[in-house]
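No experiment lies behind these values; they were computed from the predicted model shown.
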Amino acid sequence: MIFLFENIKIAVGKAFEIRPGELRKAMLMQLNIFLIINALLIVKPTVNSLFLVKFGVESLPLAYLMVAVFAVIISNLYTRVISQRQLLPILIGTYGSSIVVLTGMGTLYAFDLLGGLILWLFYLWVALFALISTSQFWIFSNMVFDVRQ
C-alpha cells in the first residue's frame with residue numbers, strides 16, 4: 001500500500017511539476033477549491049431554479065442589477081477588511097458564517113417563513129458567496145504559493 005502511494009505521489013509530482021515537499025500544500029489547496037466549487041455547483045442551480053419558478057425570467061434583470069450593486073458594496077468592504085486584518089480568521093469567519101446562512105435560509109425557505117423575500121435574499125446571497133469564496137481562494141493561493149509554484 002505504501003509503495004502504491006509513493007508511486008502515485010511521484011506520478012502526480014511529475015505530471016504537475018510539484019517539487020518534493022510541495023505535494024501536501026498543493027493537495028490541500030486542491031481540496032479547498034474542490035469544496036468551494038462543489039458547494040457552488042449544488043447551491044447555485046438549485047437557488048436559480050427556485051427563483052425562476054417563483055418569479056419567472058422577467059425578474060432576472062432586476063436580480064442581476066441587485067447582484068451587481070451588492071457585489072460592488074461587498075467587494076469594497078471586503079477589500080477594507082482584508083487590508084486591516086489577517087486572512088486566516090477572515091477565511092474561517094466567512095466559511096463558518098456561510099454555513100450558518102445557508103442552513104438558515106434553507107430552513108426559512110422550507111417553512112416558508114418570509115414568503116418570496118427569502119428567494120430574493122437567497123439568490124443574492126448565493127451570487128455574493130460565489131464572488132467572495134472564489135476571491136478568497138485566489139488571495140489565499142497567492143499567500144500560500146510563490147510565483148514559481
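How far CG of L41 is from CD1 of I36: 12.0 Å, rounded to the nearest 0.5 Å. A distance of 12.0 Å separates NZ of K54 from CD1 of I118, quoted to the nearest 0.5 Å. The line from CD1 of I33 to CZ of F137 is 4.5 Å long, rounded to the nearest 0.5 Å. From L31, atom CG reaches atom CG of L35 across 4.5 Å, with rounding to the nearest 0.5 Å. Separation of atoms CE (M105) and CG (L113) is listed at 13.0 Å; rounding is to 0.5 Å. Atom CE of M27 is separated from atom CG of N32 by 12.5 Å, given to the nearest 0.5 angstrom.
The number of heavy atoms from other shown groups lying within 6.0 Å of CZ (F140) does not exceed 12. Crowding of F70 atom CZ: a count of heavy atoms from other residues, nucleotides or ligands under 6.0 Å not exceeding 12.
One hydrophobic cluster holds both V57 and V67 under the rule that ILVMFWY side chains link at heavy-atom gaps under 4.5 Å. Residues L121 and M66 share a hydrophobic cluster, clusters being chains of Ile/Leu/Val/Met/Phe/Trp/Tyr side chains in contact below 4.5 Å. A single hydrophobic cluster is not seen to contain both V100 and L124; linkage of ILVMFWY side chains at heavy-atom distances under 4.5 Å, directly or through other members, places them apart. With hydrophobic clusters built from ILVMFWY side chains whose heavy atoms lie under 4.5 angstrom apart, I99 does not share a cluster with L40. By the rule that hydrophobic residues join a cluster once side-chain heavy atoms approach within less than 4.5 Å of another member, F145 and L28 end up as members of separate clusters.
In terms of heavy-atom proximity, G115 sits nearest to D112 at CA-OD1, 3.4 Å. Closest approach of A130 to T134, counting heavy atoms only: O-OG1, 2.6 Å. Among all heavy-atom pairs drawn from I82 and I90, the shortest one is CA-CD1, 3.8 Å.
Between L52 and L60 the shortest side-chain heavy-atom distance falls below 4.5 Å. Contact annotation: the side chain of F129 never approaches that of K44 to less than 4.5 Å [non-hydrogen atoms, C-beta and beyond]. Contact of the I74 side chain with the I132 side chain is registered, since non-hydrogen atoms from C-beta on lie closer than 4.5 Å. Looking only at side-chain heavy atoms (C-beta outward), F122 and L108 stay at 4.5 Å or farther from each other. Side-chain contact between Y109 and L114 is absent, with no heavy-atom pair separated by less than 4.5 Å.
Counting only residues at least two apart or on different chains, the side chain to side chain donor-acceptor pair (under 3.5 Å) pairs with a member in residues 73-85 are Y78-Q136. Screening residues 27-57 for ring-ring contact (aromatic ring centres under 6.0 Å, His included) gives F51-F55, F51-W120, F51-Y123, F55-W120 as the qualifying pairs, with residues at least two apart or on separate chains.
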